[in-house]
J.: 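Structure provided below as structure tokens; questions to follow.
No hydrogens, no waters, no symmetry mates; every other heavy atom, side chains included, goes into these values.
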Amino acid sequence: MVNIRIIEIPKIKAVYSGPLTDAERFTAFNKWFSEYHASLKCELYPRDFMWYNERLGTREWFYALPEGADASKITDFEVVDLPSGLFAVASCLDADIDEAADWIKTYQELQESMALSERFHLYENGEGKEERYPMFHIVSPGRMIESGISIEDLYMPIEENVG
């Protein structure tokens with residue numbers, strides 16, 4: 001069983017890639033956020049989150065802006081609220097490293113853990129609710145990917161049980 005931690009992502013502004021329907025859009029957002037992130041001082045963790053939007057049938061990428069960022073200087077992408085709330089989080093190998101075997105196992109274990117939980121349950125999108133899907137980001141340094149070290153944090157949206 002994976003080690004699972006429960007975290008809460010607050011409402012913060014994020015740069016949104018838009019639907020990633022082609023390689024050009026993916027590359028443009030990756031280039032933008034990589035350059036922006038490299039310009040920050042004293043950053044110790046990733047700020048980018050990707051998910052598969054089931055409603056639209058495509059991937060989307062978010063980059064959480066640091067406090068005090070000047071959003072008016074961001075012209076190529078929309079600034080939105082980062083999907084917020086409670087998440088069950090576990091680490092796994094990047095799906096590209098082992099062809100998704102560990103990612104799928106971790107995803108299933110997160111789902112099973114929440115199904116067995118007396119305190120939490122999986123978040124379900126619905127009318128009047130914020131749209132949220134499982135999301136992830138690579139947490140190991142990118143330079144290590146070539147040597148087979150690429151760890152990913154997988155975020156499963158959850159809610160507390162009422163009553």
Side-chain angles (χ1 to χ4, degrees), residues 2 5 7-111 122-123 125 129-158:
V2 296
R5 59 197 186 276
I7 65 139
E8 185 169 20
I9 295 180
K11 286 237 182 258
I12 57 175
K13 293 297 179 191
V15 180
Y16 169 60
S17 67
L20 296 171
T21 55
D22 58 57
E24 184 177 328
R25 185 80 176 166
F26 180 94
T27 301
F29 191 77
N30 188 36
K31 181 179 185 302
W32 175 85
F33 103 74
S34 295
E35 289 174 358
Y36 184 89
H37 192 75
S39 75
L40 300 177
K41 296 182 190 272
C42 302
E43 282 298 302
L44 297 176
Y45 55 90
R47 290 181 165 274
D48 67 301
F49 297 87
M50 186 179 285
W51 72 19
Y52 181 78
N53 184 317
E54 295 168 11
R55 182 178 50 81
L56 298 177
T58 190
R59 292 175 297 164
E60 298 173 308
W61 213 342
F62 300 89
Y63 180 85
L65 290 169
E67 189 174 336
D70 185 355
S72 70
K73 293 184 178 181
I74 299 162
T75 58
D76 295 339
F77 301 98
E78 186 180 357
V79 176
V80 299
D81 287 329
L82 181 68
S84 59
L86 292 175
F87 290 84
V89 184
S91 296
C92 59
L93 290 177
D94 172 7
D96 292 340
I97 296 295
D98 73 343
E99 299 179 358
D102 192 49
W103 191 95
I104 291 169
K105 178 178 174 266
T106 304
Y107 184 92
Q108 291 170 339
E109 288 178 345
L110 281 166
Q111 287 184 312
L122 294 173
Y123 183 87
N125 289 315
K129 293 175 75 176
E130 181 180 32
E131 191 169 28
R132 298 198 298 153
Y133 300 100
M135 56 188 186
F136 64 91
H137 62 224
I138 306 294
V139 293
S140 52
R143 64 181 170 75
M144 300 181 124
I145 291 174
E146 290 179 17
S147 66
I149 298 172
S150 186
I151 306 300
E152 181 173 293
D153 275 349
L154 178 56
Y155 292 70
M156 183 74 65
I158 62 173

J.: Do any pairs count as a salt bridge (Lys or Arg N to Asp or Glu O under 4.0 Å) and have a residue in residues 70-92, sequence neighbours left out, and if so which ones?
T.: K13-D81
J.: Would R59 and Y52 count as a cation-pi pair here, with the cationic atom under 6.0 angstrom from the ring centre and within 45° of the axis?
T.: no
J.: Do you know which two heavy atoms are closest between R55 and N53, and how far apart they sit?
T.: N-OD1, 2.9 Å
J.: Locate the shortest heavy-atom distance separating N125 from E131; write the atom from each residue and the value.
T.: OD1-CA, 3.3 Å
J.: List for me each residue that meets side-chain hydrogen bond (donor to acceptor under 3.5 Å, both in side chains) alongside W51, sequence neighbours excluded, and say none if there are none.
T.: E60
J.: For I158, is there any backbone N or O sitting under 3.5 Å from a side-chain donor or acceptor partner on R132?
T.: yes
J.: What distance separates L154 CG from L110 CG, expressed to the nearest 0.5 Å?
T.: 5.5 Å
J.: Give a yes or no on whether the backbone of E24 and the side-chain of T27 come within a donor-acceptor separation of less than 3.5 Å.
T.: no
J.: May I ask you to check whether F49 and Y155 place their ring centers less than 6.0 Å from one another?
T.: yes
J.: Quick check for you: to the nearest 0.5 Å, what is the distance between C92 atom SG and I104 atom CD1?
T.: 10.0 Å
J.: Please enumerate all residues that pass ring-ring contact (aromatic ring centres under 6.0 Å, His included) together with Y16, with sequence neighbours excluded.
T.: F62
J.: Do the ring planes of Y63 and H37 sit parallel (below 30°), tilted (30 to 60°) or perpendicular (above 60°)?
T.: perpendicular
J.: Show, in sequence, the C-alpha distance, side-chain angles and deciding distance for I74 and L65, and conclude whether the side chain to side chain contact (heavy atoms under 4.5 Å, CB included) test is met.
T.: CA-CA 11 Å; I74 299 162; L65 290 169; 3.8 Å; yes
J.: If I compare all heavy atoms of P134 with all of M156, which pair ends up nearest, and what's the gap?
T.: CG-SD, 3.8 Å
J.: Would you check if the side chain of S84 reaches a backbone N or O of P10 as a donor-acceptor pair within less than 3.5 Å?
T.: no
J.: Honestly, is K129 close enough over Y123, meaning NZ or CZ under 6.0 Å from the six-membered ring centre and within 45° of the axis?
T.: yes
J.: Any chance you could lay out the side chain to side chain contact (heavy atoms under 4.5 Å, CB included) test for E152 and T106, step after step, and finish with the verdict?
T.: CA-CA 10 Å; E152 181 173 293; T106 304; over 6 Å; no
J.: Starting from the C-alpha separation in whole Å, work towards a yes-or-no answer on side chain to side chain contact (heavy atoms under 4.5 Å, CB included) for W61 and N30.
T.: CA-CA 9 Å; W61 213 342; N30 188 36; 3.5 Å; yes
J.: With sequence neighbours left out, what residues match R25 under side-chain contact (heavy atoms from CB on, under 4.5 Å)?
T.: L20, D22, F77
J.: Determine the minimum heavy-atom distance between P46 and I138, stating which atoms define it.
T.: CG-O, 3.3 Å
J.: Just jot down the salt bridge (Lys or Arg N to Asp or Glu O under 4.0 Å) partners of R5, sequence neighbours excluded, or say none.
T.: D153
J.: Is a side-chain donor-acceptor pair under 3.5 Å present for E109 with Y107?
T.: no
J.: How long is the span from the CE atom in M50 to the CZ atom in F29, to the nearest 0.5 Å?
T.: 8.5 Å
J.: Kindly write out the residues that satisfy side-chain hydrogen bond (donor to acceptor under 3.5 Å, both in side chains) with R47, not counting sequence neighbours, or none if the list is empty.
T.: E43, Y45
J.: Between F33 and V15, is the side chain to side chain contact (heavy atoms under 4.5 Å, CB included) condition met? List the steps.
T.: CA-CA 9 Å; F33 103 74; V15 180; over 6 Å; no
